[in-house]
**Q** 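Following this message is one structure expressed as structure tokens.
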Number of protein chains: 2
Amino acid sequence: MQDISVALRDHLAIAHVAYHWVDSAGDQYGCGTYSIAWQERYIDQNYVRIDPVVSGCYQRFHPVDWKQLDWSSKATRAFQTESIEYGIGNQGFSVPVRGPNGQFALFTVNHSCDDAMWETFTETHRRELILIAHYLNEKALEFEPSRTPDIAQALSPREVDAMTLLAIGYNRAQVADTLSISEHTLRVYIESARFKLGALNTTHAVARALTRGLIVV
Amino acid sequence: MQDISVALRDHLAIAHVAYHWVDSAGDQYGCGTYSIAWQERYIDQNYVRIDPVVSGCYQRFHPVDWKQLDWSSKATRAFQTESIEYGIGNQGFSVPVRGPNGQFALFTVNHSCDDAMWETFTETHRRELILIAHYLNEKALEFEPSRTPDIAQALSPREVDAMTLLAIGYNRAQVADTLSISEHTLRVYIESARFKLGALNTTHAVARALTRGLIVV
DNA sequence: TTTCAACTCCCCCAAAATAGTGAGGGCACC
DNA sequence: GGTGCCCTCACTATTTTGGGGGAGTTGAAA
């Protein structure tokens, strides 16, 4: 994968390319042409938490220019400043890639140049970059088949109801009332959903149901 | 939109096409060539909860043939039988479309034919169908600009930590311990995150943080 | 026919989360 | 030099969840 990254970068004649996978367990995985120092720093500081590229792309279907992201918060600006110090470049363009069970990956290209030049580049190569993102993601799955997610165990309709209503903020009494069942019955559903999802508590169960796409909120 | 659907169907020479949007509030919206009876039935029975096309596509990045989906549960099979009775056809192919804040839509084509013929059709038109899905989604957003999601308010790093750990099933004591802060302090984070997310309780806050991409679990 | 999954209902009690108040230091931006 | 956000810590009381039991119906599959 590393070789692919370097070849890609040279082919595109830009500063950096990177593929970044964020696992549903919080693990990270990837390849790219960033310096080791930056990679270590990123992991060490757990920057995935505050990286607006990650959260911004997670919220989008389409590729995104880093200029479109929200860099306004304090932590975010500090992160940006630091990333530039580490030679990432002042321009960035990332393509989100999604898969089953919350699989989420990013393909990013970086460079140092003015806005006009960068826009020309991204406009010209937009389709190509999207295809590369998909190709890289497929390759990554080939190399790491263990990361192919398990088939999500289906929930029963009532369990889906319960999880869905809990996910929109109802408490047990409200959910039971909405579903016109007793709170005791509701608890049975919540517990069986928890069990099926291997969740430790209700919040965990709802989070898993969401990331596994078992409920839509 | 309805005109577009009909034109599309005729152009593709198949039984049905449909665009189906599932809102983050649980609302649905769409257009297509399904019979009114089926649409009403679908809404009335809240079939979005159990429709394996919805949940299956929600879990996938790539377009999906309905044959690849899991139709094994009882409720699912009943749903399938009924959909065929309503003239949906025995073949289906859906393209998921995603956007910010859990925006999720589906573009589906249906027909009645044997597997080989359907495979030929979908293979031949795969790229076209993907493009149509994106095009329809953009059109839908034009017609319903109110559905363009709000910009997600960022959480502070500590709030992200808290939400993330809660989403993986930790209770408050464990989270506080993991973050090496007092449980009292943790509560402040959870409450401020709840406030920022407009959430009614912790489960709701975690669900929103997840669907808005503010945390990655 | 049995078996099994899904759905429904009930009790008791311990544990956890939430509401409503506080307070103080640090740091950045205007 | 105020204003606001972020981080940290504290108390009390109430509400909500969770764990441990158990029991009965339906309907579809084996």
Side-chain angles (χ1 to χ4, degrees), chain A residues 49-50 70-82 153-163 165-167 169-207 214, chain B residues 45-46 49-50 70-82 153-163 165-167 169-207 214:
Chain A
R49 289 176 344 198
I50 56 162
D70 176 17
W71 297 90
S72 64
S73 90
K74 194 198 294 185
T76 302
R77 273 196 306 278
F79 169 76
Q80 185 181 32
T81 306
E82 197 179 336
Q153 176 161 17
L155 298 177
S156 77
R158 275 317 215 191
E159 287 159 359
V160 173
D161 289 338
M163 291 294 108
L165 293 171
L166 289 170
Y170 287 15
N171 61 28
R172 290 204 309 211
Q174 291 173 310
V175 173
D177 196 51
T178 305
L179 298 180
S180 302
I181 55 176
S182 76
E183 200 174 324
H184 312 283
T185 303
L186 173 68
R187 276 182 47 194
V188 177
Y189 296 141
I190 298 174
E191 278 174 31
S192 73
R194 250 208 332 261
F195 181 73
K196 286 181 182 175
L197 296 166
L200 300 167
N201 53 44
T202 302
T203 300
H204 193 197
V206 170
L214 299 174
Chain B
Q45 295 293 307
N46 202 14
R49 289 176 345 197
I50 57 161
D70 176 18
W71 298 88
S72 63
S73 91
K74 193 197 293 185
T76 302
R77 272 196 305 277
F79 169 76
Q80 185 180 32
T81 306
E82 196 179 338
Q153 177 162 16
L155 299 176
S156 78
R158 277 316 218 188
E159 287 159 359
V160 173
D161 288 338
M163 290 295 108
L165 292 171
L166 289 170
Y170 286 17
N171 61 28
R172 293 208 305 211
Q174 291 173 311
V175 173
D177 196 50
T178 304
L179 298 180
S180 303
I181 55 175
S182 76
E183 202 174 323
H184 311 284
T185 303
L186 174 68
R187 273 181 46 195
V188 176
Y189 297 143
I190 297 174
E191 277 174 32
S192 71
R194 252 211 328 263
F195 181 74
K196 286 182 182 174
L197 296 166
L200 300 168
N201 53 44
T202 301
T203 299
H204 193 197
V206 169
L214 300 174

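Residue numbers start from 1 in every chain, and the chains themselves are labelled A, B, ... in the order their sequence lines are given, proteins ahead of strands. Computation of the quantities below employed the complete heavy-atom set of this structure, encompassing side-chain atoms and omitting hydrogens, waters and symmetry-equivalent molecules.
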**Q** Atom CG of A:Leu155 and atom P of C:dC7: how far apart are they, to the nearest Å?
**A**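 Result: 10 Å.
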**Q** C:dA6, D:dC6, D:dA10: which one has an atom nearest the side-chain heavy atoms of B:His184?
**A**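 Closest nucleotide among those given: D:dA10.
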**Q** Among A:Ile190, A:Asp161, A:Leu186, which residue meets the side chain to side chain contact (heavy atoms under 4.5 Å, CB included) test with A:Val175?
**A**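 Going through A:Ile190, A:Asp161, A:Leu186 one by one, the side chain to side chain contact (heavy atoms under 4.5 Å, CB included) with A:Val175 is satisfied by A:Leu186 alone.
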**Q** So A:Thr185 and A:Arg158, side chain to side chain contact (heavy atoms under 4.5 Å, CB included) or not? Walk me through it.
**A** CA-CA 10 Å; A:Thr185 303; A:Arg158 275 317 215 191; over 6 Å; no
**Q** Name the closest nucleotide to the A:Arg194 side chain, picking from D:dG19, D:dC6, D:dC11.
**A**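 Selected nucleotide: D:dG19.
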**Q** Contact class for B:Thr185 vs. all strands (heavy atom < 4.0 Å): base, sugar-phosphate, or nothing?
**A** base
**Q** Nearest to the side chain of B:Glu183, which nucleotide is it out of D:dG20, C:dA17, D:dA29?
**A**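 Ranking D:dG20, C:dA17, D:dA29 by closest atom to the B:Glu183 side chain puts C:dA17 first.
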**Q** Among the candidates D:dG18, D:dC9, D:dT12, find the nucleotide nearest to the side-chain atoms of A:Ile190.
**A**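 Of the options given, the side chain of A:Ile190 lies nearest D:dG18.
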**Q** For the side chain of B:Arg187, starting at C-beta, report the closest nucleotide among D:dC11, C:dC7, D:dC7.
**A**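 From the listed options, D:dC11 comes nearest.
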**Q** Can you tell me the distance, in whole Å, between the CG atom of A:Leu186 and the P atom of C:dC10?
**A** 13 Å
**Q** Among the candidates D:dC7, D:dG20, D:dC11, find the nucleotide nearest to the side-chain atoms of B:Tyr189.
**A**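 Comparing D:dC7, D:dG20, D:dC11 against the side chain of B:Tyr189, the answer is D:dC7.
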**Q** Examine C:dC7: is either OP1 or OP2 under 4.0 Å from a nitrogen or oxygen in the side chain of A:Ser156? Give yes or no.
**A**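 Indeed, a polar side-chain atom of A:Ser156 lies that close.
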**Q** Over how many whole Å does the gap from B:Ile181 atom CD1 to D:dC6 atom C1' extend?
**A**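 The distance from CD1 of B:Ile181 to C1' of D:dC6 comes to 12 Å, rounded to the nearest Å.
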**Q** Heavy atoms only, 4.0 Å cut-off, all strands: where does A:Arg172 land among base, sugar-phosphate and nothing?
**A** base
**Q** How far does NZ of B:Lys196 sit from CG of B:Leu155, to the nearest 0.5 angstrom?
**A**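 CG of B:Leu155 is found 5.5 Å from NZ of B:Lys196.
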**Q** How long is the line joining CZ of B:Phe79 and P of D:dA28, in whole Å?
**A**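 The answer, rounded to whole Å, is 18 Å.
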**Q** Among the nucleotides C:dT8, D:dT8, C:dA6, which one has an atom lying closest to any side-chain atom of A:Arg158?
**A** C:dT8
**Q** Using only atom types and a distance under 3.5 Å, with no angle test, would you say the side chain of A:Glu82 pairs donor to acceptor with the backbone of A:Phe79?
**A**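 Answer holds: no.
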**Q** Just how far, in rounded Å, is C1' of C:dC7 from CD of A:Glu159?
**A** 10 Å
**Q** Could you pick out which residue, A:Arg77 or B:Leu166, lies toward the 5' side of DNA chain C when each is mapped onto its nearest nucleotide?
**A** B:Leu166
**Q** Would you kindly give the NE2-to-P distance between A:His204 and D:dG18, to the nearest whole Å?
**A**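 Between P of D:dG18 and NE2 of A:His204: 13 Å.
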**Q** How close or far is atom C1' of D:dG18 from atom CG of A:Leu200, stated in whole angstroms?
**A**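 Interatomic distance, CG of A:Leu200 to C1' of D:dG18: 13 Å.
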**Q** Just checking A:Thr202: base, sugar-phosphate only, or nothing, at a heavy-atom cut-off of under 4.0 Å?
**A**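 Sugar-phosphate contact only - A:Thr202 comes under 4.0 Å of backbone atoms but never of a base.
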**Q** Both A:Asn201 and B:Ser182 contact DNA chain D. Taking the nearest nucleotide for each, which residue is further toward the 5' end?
**A** B:Ser182
**Q** Look at the side-chain N and O atoms of A:Lys196 and state whether any lies under 4.0 Å from the OP1 or OP2 oxygen of C:dA6.
**A**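 Yes, such a contact exists.
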**Q** Could you measure the distance from the CG atom of A:Leu166 to the CG atom of B:Leu200? Nearest 0.5 Å is fine.
**A** 11.5 Å
**Q** Within this structure, what is the OH-to-C1' distance between B:Tyr170 and C:dA17, rounded to whole angstrom?
**A**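 To the nearest whole Å, that distance equals 19 Å.
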**Q** If you check every side-chain atom of A:Pro157, which of C:dC10, C:dC7, D:dT16 has the closest atom?
**A**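 Per side-chain heavy atoms of A:Pro157, the pick is C:dC7.
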**Q** Would the distance check show the side chain of A:Arg187 and the main-chain N or O of A:Arg172 forming a donor-acceptor pair, the cut-off being under 3.5 Å?
**A**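 Looks like no, no N/O pair under 3.5 Å.
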